[in-house]
Each structure stands twice: as structure tokens, then as C-alpha cells.
Participant: 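One structure, pasted below without further comment.
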Amino acid sequence: MNKAVNTLKIHETGIMAIIRVDTVAKGLDIAKSCLDGGVNIMEISYTNNNAGEVIERLKSEFKHDMVIGAGTVLDQTTARLAILSGSEFIISPSYDHNVQMISNLYQIPYAPGCTSYTEAVKALEGGASFIKAFPISSYYGPDLISTFKVPFPKMPILSSGGANLENLHRWVEVGTDCIGIGGLLSKGSCQEITNNAKQLRKILVETREKLKNN
């Protein structure tokens with residue numbers, strides 16, 4: 001049931017902190033700050049060699065209070081190592097069938113980066129829980145989500161890049177299921193990160209509520 005439960009949590013929170021840290025201590029500080037602000041979904045990027053250690057420590061510290069996953073997962077070996085470290089979802093910058101298979105086997109959500117509609121549909125057919133609009137969401141903005149959703153309104157989309165406090169409402173309005181946020185949730189003081197998390201969640205919740213009532 002982990003796949004279904006965590007997929008739902010990712011959608012419900014709607015904001016995912018994307019972090020790269022040099023030390024476990026920094027990861028703990030950021031995670032606590034995000035959680036205090038209402039963001040309980042966090043991706044730890046495997047661009048850093050200590051990603052597995054960070055994931056393991058965060059899961060030990062926060063247990064079920066946070067959903068911790070691995071990002072920038074390029075191959076099956078990295079995916080399995082991340083899962084053994086406690087990763088509860090896998091995110092990749094591209095689609096890989098073997099990463100999809102290992103995610104399915106361990107019953108955790110997989111979100112591959114897709115730049116074309118054909119890629120996105122193939123990934124969903126293979127069992128992907130979300131389609132990561134990457135890297136094109138950084139260039140085209142929320143209009144890209146509208147383009148993907150028009151012929152396939154039920155396509156679950158995770159954006160990565162381009163969202164901020166000023167335009168977040170637009171990403172929600174076009175149907176983005178979860179919005180990845182980097183700098184606002186990883187840089188600055190702990191209090192600044194918490195305040196940013198609170199503002200991001202407030203905008204998302206209010207926009208979703210407005211859409212539901214229209």
C-alpha cells in the first residue's frame with residue numbers, strides 16, 4: 001500500500017522541497033524547517049554522494065511525518081540503493097524502464113522526466129505515478145502543463161523549476177499535481193525556509209479551494 005498512500009500524500013501536500021546538501025546536519029535543519037511550514041514531501045538529489053546517508057537519517061528522524069524520496073536517479077542500481085536507504089519515491093530527469101521496474105517491484109511512486117507526449121504516455125503505461133515536466137517546465141512555465149493536460153486531463157504532473165511565490169497560483173490553476181521548489185525551501189535561515197513553506201502551502205490550498213468552488 002506504500003505506493004498508493006505516498007502518491008496520495010504527494011498530491012495532497014502539493015509542494016515538494018528539492019534539496020542538495022553537503023552535510024546530514026544541514027539536511028535535518030532544512031527538513032525540520034519545511035515540516036514546520038507544512039511541507040512534508042522532500043526530494044534528496046543524487047547529484048550529491050551523500051544522498052543515501054541523508055535519506056536514511058531523515059527517515060530515522062522524521063519517520064512517518066515526512067515522505068522522503070530520491071531525485072536525479074539515472075539507473076536501476078541507484079534506484080535500489082536509494083530504496084534500501086529508505087527512499088519512498090523515485091524521481092528521474094528521464095524515463096528509464098529498469099528504474100520503473102524496480103520502483104514497481106518495491107511499490108513506490110516513480111516520476112520520470114518526460115519532454116514529449118509520447119514519452120509521458122509510455123511512462124504512464126509502464127506504471128509511473130507522476131510525469132515530471134523537466135526540464136521544459138523551466139522554459140515554458142505553467143502553459144506547458146495546460147498543453148499536456150488538454151488531451152489527457154487525468155495525467156498526473158510534477159513540475160520542476162519555474163515556480164515561485166508570485167506565480168505559484170498559476171501552476172495550481174492549470175492542474176499541476178505537485179510543484180517542486182528548490183531555493184525557497186533550501187536556502188536562507190531556518191525561519192526563512194519555514195516562512196516560505198507556509199506561504200507556498202497557503203497559496204496552494206487557497207487556489208485549490210477557489211478552483212473547487214468555481
Participant: Verify the neighbour count for atom CG of Asp65: are there more than 12 heavy atoms of other residues, nucleotides or ligands below 6.0 Å?
Facilitator: yes
Participant: If you apply the rule side-chain contact (heavy atoms from CB on, under 4.5 Å), what do you find for Leu211 with Asn213, and how did you get there?
Facilitator: CA-CA 5 Å; Leu211 291 170; Asn213 294 330; over 6 Å; no
Participant: Test side-chain contact (heavy atoms from CB on, under 4.5 Å) on Cys34 and Met42 and set out the steps.
Facilitator: CA-CA 9 Å; Cys34 287; Met42 179 169 287; 3.9 Å; yes
Participant: Taking all heavy atoms of Arg201 and all of Gly37, pick out the closest pair and write down the distance.
Facilitator: CG-O, 4.0 Å
Participant: Less than 3.5 Å apart, which donor and acceptor atoms pair up between the side chains of residues 148-156 and the rest of the protein, not counting sequence neighbours?
Facilitator:
residue	atom	partner	partner atom	Å
Lys149	NZ	Met155	O	2.8
Lys149	NZ	Gly175	O	3.1
Lys149	NZ	Asp177	OD1	3.1

Participant: Between Leu158 and Leu8, is there a shared hydrophobic cluster once you connect ILVMFWY residues whose side-chain heavy atoms come closer than 4.5 Å?
Facilitator: no
Participant: Step by step, would you call Gln191 with Asn195 a side-chain hydrogen bond (donor to acceptor under 3.5 Å, both in side chains)?
Facilitator: CA-CA 6 Å; Gln191 189 58 57; Asn195 290 341; 2.9 Å; yes
Participant: Salt bridge check, Glu206 against Lys210: does any charged N sit closer than 4.0 Å to a carboxylate O?
Facilitator: no
Participant: Quick one: closest heavy-atom pair of Ala163 and Leu168, and the distance?
Facilitator: CB-CD1, 4.5 Å
Participant: For Lys198, check salt bridge (charged side-chain N to carboxylate O under 4.0 Å, His left out) against everything at least two apart and list the hits.
Facilitator: none
Participant: I'd like to know if Val21 and Leu81 are part of one continuous hydrophobic network [Ile/Leu/Val/Met/Phe/Trp/Tyr, side-chain heavy atoms within less than 4.5 Å].
Facilitator: no
Participant: Show your reasoning for whether side-chain contact (heavy atoms from CB on, under 4.5 Å) applies to Ile18 and Arg20.
Facilitator: CA-CA 7 Å; Ile18 302 173; Arg20 298 169 177 82; 4.2 Å; yes
Participant: Using the rule that two of Ile, Leu, Val, Met, Phe, Trp, Tyr join whenever any of their side-chain heavy atoms come within less than 4.5 Å, decide whether Ile91 and Met101 are in one cluster.
Facilitator: no
Participant: Working to the nearest 0.5 Å, report the span between CG of Leu185 and CD1 of Ile15.
Facilitator: 7.5 Å
Participant: Please find the pair of heavy atoms, one from Ala79 and one from Val99, that lie closest to each other, and give the distance.
Facilitator: CB-CG1, 4.1 Å
Participant: Can you see which heavy atom on Glu12 is nearest to which on Leu204, and at what distance?
Facilitator: O-CD2, 4.5 Å
Participant: Regarding Asp36 and Lys32, does a basic nitrogen lie under 4.0 Å from an acidic carboxylate oxygen?
Facilitator: yes
Participant: If you measure from CD1 on Ile102 to CD on Gln76, what distance do you get to the nearest 0.5 Å?
Facilitator: 5.0 Å
Participant: Scan the side chains in residues 119-133 for donor-acceptor partners under 3.5 Å anywhere in the protein, sequence neighbours excluded, and list what turns up.
Facilitator:
residue	atom	partner	partner atom	Å
Glu119	OE1	Thr115	N	2.8
Glu119	OE1	Thr115	OG1	3.0
Glu119	OE1	Ser116	N	3.3

Participant: Could you check whether Thr72 and Ser45, counting side-chain N and O atoms only, form a donor-acceptor pair closer than 3.5 Å?
Facilitator: yes
Participant: Can you tell me how far apart OG1 (Thr13) and CD1 (Ile41) are? Round to the nearest 0.5 Å.
Facilitator: 4.0 Å
Participant: Could you list the residues that satisfy side chain to side chain donor-acceptor pair (under 3.5 Å) with Asp75, not counting sequence neighbours?
Facilitator: Thr78
Participant: Nearest heavy-atom pair of Ile19 and Gly27: which atoms, and what distance?
Facilitator: CD1-CA, 4.4 Å
Participant: With sequence neighbours left out, what residues match Leu74 under side-chain contact (heavy atoms from CB on, under 4.5 Å)?
Facilitator: Pro93
Participant: Salt bridge (charged side-chain N to carboxylate O under 4.0 Å, His left out) with Glu43: which residues, sequence neighbours excluded?
Facilitator: none
Participant: Please report the interatomic distance OG1(Thr176) to CD1(Ile145), rounded to the nearest 0.5 Å.
Facilitator: 4.5 Å
Participant: Taking atom CG as the centre, does Asp22 end up with more than 12 heavy-atom neighbours from other residues, nucleotides or ligands that are less than 6.0 angstrom away?
Facilitator: no
Participant: Answer yes when Glu88 and Lys59 have at least one side-chain N-carboxylate O distance shorter than 4.0 Å, and no when they do not.
Facilitator: yes
Participant: Between Phe89 and Ser87, which heavy-atom pair has the shortest distance, and what is it?
Facilitator: O-OG, 2.6 Å
Participant: Might you confirm whether atom CZ of Arg80 has over 12 heavy atoms from other residues, nucleotides or ligands at distances under 6.0 Å?
Facilitator: no
Participant: Decide side-chain contact (heavy atoms from CB on, under 4.5 Å) for Ile193 and Ile30; before the verdict, give the C-alpha distance in whole Å, the side-chain angles of both, and the deciding distance to 0.1 Å.
Facilitator: CA-CA 7 Å; Ile193 292 172; Ile30 293 173; 4.1 Å; yes
Participant: Give, for atom CD1 of Ile181 and atom CE of Met16, the distance between the pair rounded to the nearest 0.5 Å.
Facilitator: 11.0 Å
